[in-house]
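As structure tokens, the structure follows; a few thoughts come after it.
Because only heavy atoms are used, hydrogens play no part in the values below, and waters and symmetry mates are left out as well, while side chains stay in. Just so it is clear, the structure is predicted and the values come from calculations on it, not from any experiment.
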Amino acid sequence: MKLELFVGTHCPYCHLVQKEMEKMGRTDVEIHNIDTSEADMNRLVEVGGKKQVPCLFIDGTPLYESKDIVKWLKSNP
């Protein structure tokens, strides 16, 4: 399963998700920062349909909302 998290540098919800991932010891999630990579931002909009972070791509399917992302990560170790 391929997991990719799209985040923004100054997004508090992104920081929350990343902090929870650290607590869980998750190292299987690839991080993409849309503020430092135009290609990542373009991919987020192209695949996800909007420029909203945090967004977790689960095998290419977007999941939005920090609480939903953390919940999914906790239930899918």
Side-chain angles (χ1 to χ4, degrees):
M1 177 176 297
K2 183 171 183 176
L3 301 173
E4 299 174 276
L5 180 65
F6 286 77
V7 299
T9 303
H10 304 290
C11 170
Y13 300 105
C14 298
H15 293 269
L16 181 136
V17 171
Q18 289 179 290
K19 188 167 272 199
E20 287 297 320
M21 284 174 38
E22 285 177 29
K23 287 181 191 175
M24 289 182 254
R26 297 293 298 240
T27 58
D28 60 333
V29 182
E30 194 176 310
I31 307 293
H32 298 274
N33 189 322
I34 66 166
D35 293 328
T36 59
S37 170
E38 188 174 340
D40 286 340
M41 187 200 48
N42 291 338
R43 181 156 174 260
L44 172 64
V45 173
E46 184 178 304
V47 177
K50 54 187 170 180
K51 184 183 167 185
Q52 178 182 332
V53 290
C55 178
L56 178 67
F57 281 9
I58 307 159
D59 286 334
T61 302
L63 175 65
Y64 297 95
E65 301 301 328
S66 56
K67 289 180 183 177
D68 293 337
I69 293 169
V70 169
K71 182 179 176 181
W72 188 93
L73 288 169
K74 285 182 177 180
S75 61
N76 295 274

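Phe57 pairs by the ring-ring contact (aromatic ring centres under 6.0 Å, His included) definition with Phe6, not counting sequence neighbours. Applying the side-chain contact (heavy atoms from CB on, under 4.5 Å) test to Asp35 and every residue at least two apart in sequence or in another chain returns Thr9, Asn33. With sequence neighbours left out, the salt bridge (Lys or Arg N to Asp or Glu O under 4.0 Å) criterion links Lys23 to Glu20. Val45 pairs by the side-chain contact (heavy atoms from CB on, under 4.5 Å) definition with Lys51, not counting sequence neighbours. By the side chain to side chain donor-acceptor pair (under 3.5 Å) test, Ser37 is found to be paired with Asp40, residues two or more places apart in sequence or in another chain being considered.
Residue Asn76 holds its CG atom at 9.5 Å from CG of Leu56, rounded to the nearest 0.5 Å. In this structure, Cys14 SG and Ile34 CD1 are separated by 7.5 Å, a value rounded to the nearest 0.5 Å. Summarising the geometry, atom CG belonging to Leu44 is positioned 10.0 Å from atom NE2 belonging to His32; distances are rounded to the nearest 0.5 Å.
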Report, one line per pair, each donor and acceptor closer than 3.5 Å where one atom sits in a side chain of residues 58-71; sequence neighbours left out.
from	atom 1	to	atom 2	distance (Å)
Asp59	OD1	Lys2	N	2.7
Tyr64	OH	Gly48	O	3.0
Glu65	OE2	Gln52	NE2	3.3

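Heavy atoms only, all atoms of each residue included: Leu3 and Arg26 are closest at CD1-NH2, 3.3 Å.
One hydrophobic cluster, built from ILVMFWY side chains closer than 4.5 Å, holds both Val53 and Val47. Taken together through direct or relayed side-chain contacts under 4.5 Å among Ile, Leu, Val, Met, Phe, Trp and Tyr, Met21 and Met1 form part of one hydrophobic cluster.
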